[in-house]
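Everything on this sheet refers to the single structure shown next.
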Amino acid sequence: MITKMKKLLLFMSDSAADIDADLTLLGQLGVMHVKPFQPAKDASIERVDARIKQLEKAIAILERYDQQTGADSSLEVDYATIERGEIEMMEKVLDAENTRIKLEQKLEEAKSADQWYKGWGSVSSTDIEVLREKGVFVRLYLIADRDLKNISDRKDIQLMGKLDDANQVLLLSEDADEMLAFEEVNLPRFASDELADLLIQTQQSLDENNQLLVQLHGQKSLLEEALVERNRRYDVRNVLYGGYAIESQVRCWKGFIPEDTVAKVIEVADEKSWGYVIEDPSPEEVDEVPTLVRSSGWVERIRPVMNFMGLVPGYKELDVSKTFMIFFTFFTGILVGDAGYGLLFMLITFLVHRKKKFVKRVDFQLMYTLSASIMFWGILTGTYFGAESLANLPVLRELKVEQLASFGGDNIFVQQIMFLIGAVHLTLGHLQRAWRYSNSVKAIAQLGWVAIVWGLYLIVNQMVLGIEAPGFMVWLFIGGSALIAFFSKPGASFFKGVLSSIGSLPLSIINGFSDIISYIRLYAVGLSTVLMAASFNEMAIGDGVSTLASGIVAAIVLLLGHALNMGLAAMAVLVHGVRLNMLEYAGHAGVEFSGSEYEPFKLKGKEGDSETEPEKEIKKDKK
């Protein structure tokens, strides 16, 4: 159900001390969806945002040490007792992290230098500099055998040895600009005689720095509390500067609140001496009103799908959650349609759910429901991993419906069922639309569309399946068209409305015909899932398994093949199962999903408690 909303104009004193506390209280109420008068811009917002990023980075650094403890993991300094200690601690963490990065780079460079000297020997940069002062210039190269042949007759090069597959070549020249046409090897930055001590000292400094970070980790909660406070400031200031200042004395905000929270808002506003105007949104403001959908427990399971697709009905549109949930569940069963796959989906969901300690979440409930639907349709059609032999087992054979069976069933009957599902689905959309217009003659026009939909269903059966349409089909079109023409556009000019309705009717009927035809995708995609499963079975064990090697190959083919098929089936659910609800059904129900989601200005009350007091009271009253 889409919750009725009220428009709220809220006025507060613009004094710095009061407004921060008042907006914090408003955020803790968590019921006002604020519509800013202008974009919130202020230097303080940018400063808080920058501080939030620093705190998040510091906390992320310390989280690496969650499982580490040292011999002395406590600091002598308690930053909680220092004024702005959280900032000092944050800077300490960021400095320690920068030091860690530099030390690790230095250690890696020293280790590389050590490896370099092992390959080239103890070449001293000091000795090379002495030679340079005497007019002898030294360059080092690694040259492949084929390239070395081209310069082997030169007198100014010496072969020092081999490193891996390349030749170590030394160029000695009295010309400072003389060089070979190969990539030169540079000497390490560190001298060979200082490397041993450097490696020990750098590793020791790195260990000390890591121990400091472990100690700082013991006070990580201080940074987490600081982050919560900076997020509060950020949210409050965005609301503050999005409001309208009246002569620097009063600031005003416009927004929307659920009707059932009005009493609580008035109570707090009166207590805090806030000014307010609460009224119904005007027709011109309907597009601004956010949509808050409150659904019963089983309907709420479809919420992850609608959120993923970004489907939010407009404030004045229908709440299609129930219909979406019922038909999406049914479509999923048909599109996948394999009881074996359904069992695997159920098992995977259970294992993941168990790993999450069986936390109560709607996405798990949705997956259990969809898995059960897949298993149910798979049992009716006798489909188990695409293997006909499994469907013919004594117990399983008794459970399937012969006309629906994937192997040996009546394809015409199955396709007729798909078109019937489409007709029922679209009819439900028009009936819901008629209920919405219950106080208008437009509801009669929707009954005319119901007649048209069933007339189209009979035409589709005749044209696609060869099932002769009954004689009353014509009267469905005549009666439906008359109701649509007379009652679709009531207004001052009756004849103008009739002519306008008749003019758009042919194209609408053609669209309705294609919409019903579209439901054949349920049959086609479901059949393709079965055929792919059967094909992988044939590839793997069609010729039998006679050796261990053939058995291993067969197992790999079955595993990868069915995994691929399950993945494609899951994609088909998202593509086709959502499409039939979002386009075909929603089009006939008049739902454009043009709404904006209700996102109230909400601050957490107690730590970890995101549910506000009004929400708790409303839930308590419902119980």
Side-chain angles (χ1 to χ4, degrees), residues 67 164-165 329 331-359 363-411 414 521-577:
Q67 305 301 322
D164 297 329
D165 295 329
T329 302
F331 293 159
T332 300
I334 297 173
L335 289 166
V336 181
D338 190 301
Y341 289 176
L343 182 61
L344 285 180
F345 281 127
M346 181 80 77
L347 180 61
I348 292 170
T349 303
F350 173 79
L351 294 175
V352 176
H353 199 186
R354 186 177 68 174
K355 188 175 182 181
K356 299 289 184 180
K357 302 186 184 302
F358 295 105
V359 62
D363 46 358
F364 286 116
Q365 296 172 355
L366 175 65
M367 284 304 301
Y368 284 129
T369 303
L370 298 182
S371 300
S373 175
I374 295 168
M375 292 174 64
F376 177 72
W377 187 259
I379 290 171
L380 292 182
T381 58
T383 311
Y384 304 88
F385 298 107
E388 186 176 1
S389 57
L390 292 177
N392 290 327
L393 293 175
V395 177
L396 300 181
R397 185 173 62 242
E398 298 299 324
L399 296 175
K400 72 178 178 181
V401 178
E402 290 296 338
Q403 287 180 296
L404 296 177
S406 297
F407 303 100
D410 185 346
N411 289 334
V414 175
R521 70 182 64 240
L522 295 172
Y523 165 77
V525 175
L527 180 61
S528 68
T529 302
V530 175
L531 294 178
M532 280 192 66
S535 298
F536 285 122
N537 293 339
E538 181 65 24
M539 289 170 56
I541 56 177
D543 296 329
V545 178
S546 56
T547 64
L548 177 61
S550 64
I552 293 174
V553 172
I556 293 173
V557 171
L558 288 173
L559 179 63
L560 296 180
H562 285 290
L564 174 63
N565 201 25
M566 289 176 67
L568 292 175
M571 291 175 59
V573 169
L574 284 176
V575 174
H576 302 292

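As the structure is a computational prediction, the values presented were derived from the model and not from experiment. For the numbers below, each heavy atom of this structure counts, side chains included, while hydrogens, waters and symmetry mates do not.
- When atom types are taken as modelled, the side chain of Thr383 and the backbone of Ile379 share no donor-acceptor pair closer than 3.5 angstrom.
- In the displayed structure, Phe407 atom CZ is contacted under 6.0 Å by more than 12 heavy atoms of other residues, nucleotides or ligands.
- Judged by distance alone, the side chain of His353 and the main-chain N or O of Val359 form a donor-acceptor pair under 3.5 Å.
- Interatomic distance, Asp363 CG to Lys356 NZ, rounded to the nearest 0.5 Å: 9.5 Å.
- With values rounded to the nearest 0.5 angstrom, Ile348 atom CD1 is found 11.5 Å from Tyr341 atom OH.
- For the atom pair CD1 (Ile374) and CG (Leu370), the distance works out to 6.5 Å, reported to the nearest 0.5 Å.
- The shortest distance between side-chain heavy atoms of Thr547 and Ser550 falls below 4.5 Å.
- Counting heavy atoms from C-beta outward, Leu558 and Asn537 have side chains that approach closer than 4.5 Å.
- Going from atom CE of Met566 over to atom CE of Met532 covers 12.5 Å, rounded to the nearest 0.5 Å.
- When side chains are defined from C-beta on, Val557 counts as touching Val553, because their heavy atoms get closer than 4.5 Å.
- Taking the six-membered ring where the residue is Trp, the centroids of Phe350 and Phe345 are separated by 6.0 Å or more.
- Judged by distance alone, with hydrogens and angles left aside, the side-chain atoms of Thr329 form no donor-acceptor pair with the main-chain N or O of Ser373 at under 3.5 Å.
- In this structure, Leu335 and Thr529 have side chains that are not in contact, with every pair of non-hydrogen atoms separated by 4.5 Å or more.
- Residues Val530 and Asp338 form no side-chain contact, since every pair of their non-hydrogen atoms from C-beta on lies 4.5 Å or further apart.
- Residues Tyr384 and Leu343 form no side-chain contact, since every pair of their non-hydrogen atoms from C-beta on lies 4.5 Å or further apart.
- With rounding to the nearest 0.5 Å, the separation of OG in Ser528 from CG in Asn565 is 7.5 Å.
- Classified by interplanar angle (parallel below 30°, tilted 30° to 60°, perpendicular above 60°), the ring pair Phe385/His562 is perpendicular.
- Looking at heavy atoms from C-beta onward, Phe331 lies out of side-chain contact with Val573 at the 4.5 angstrom threshold.
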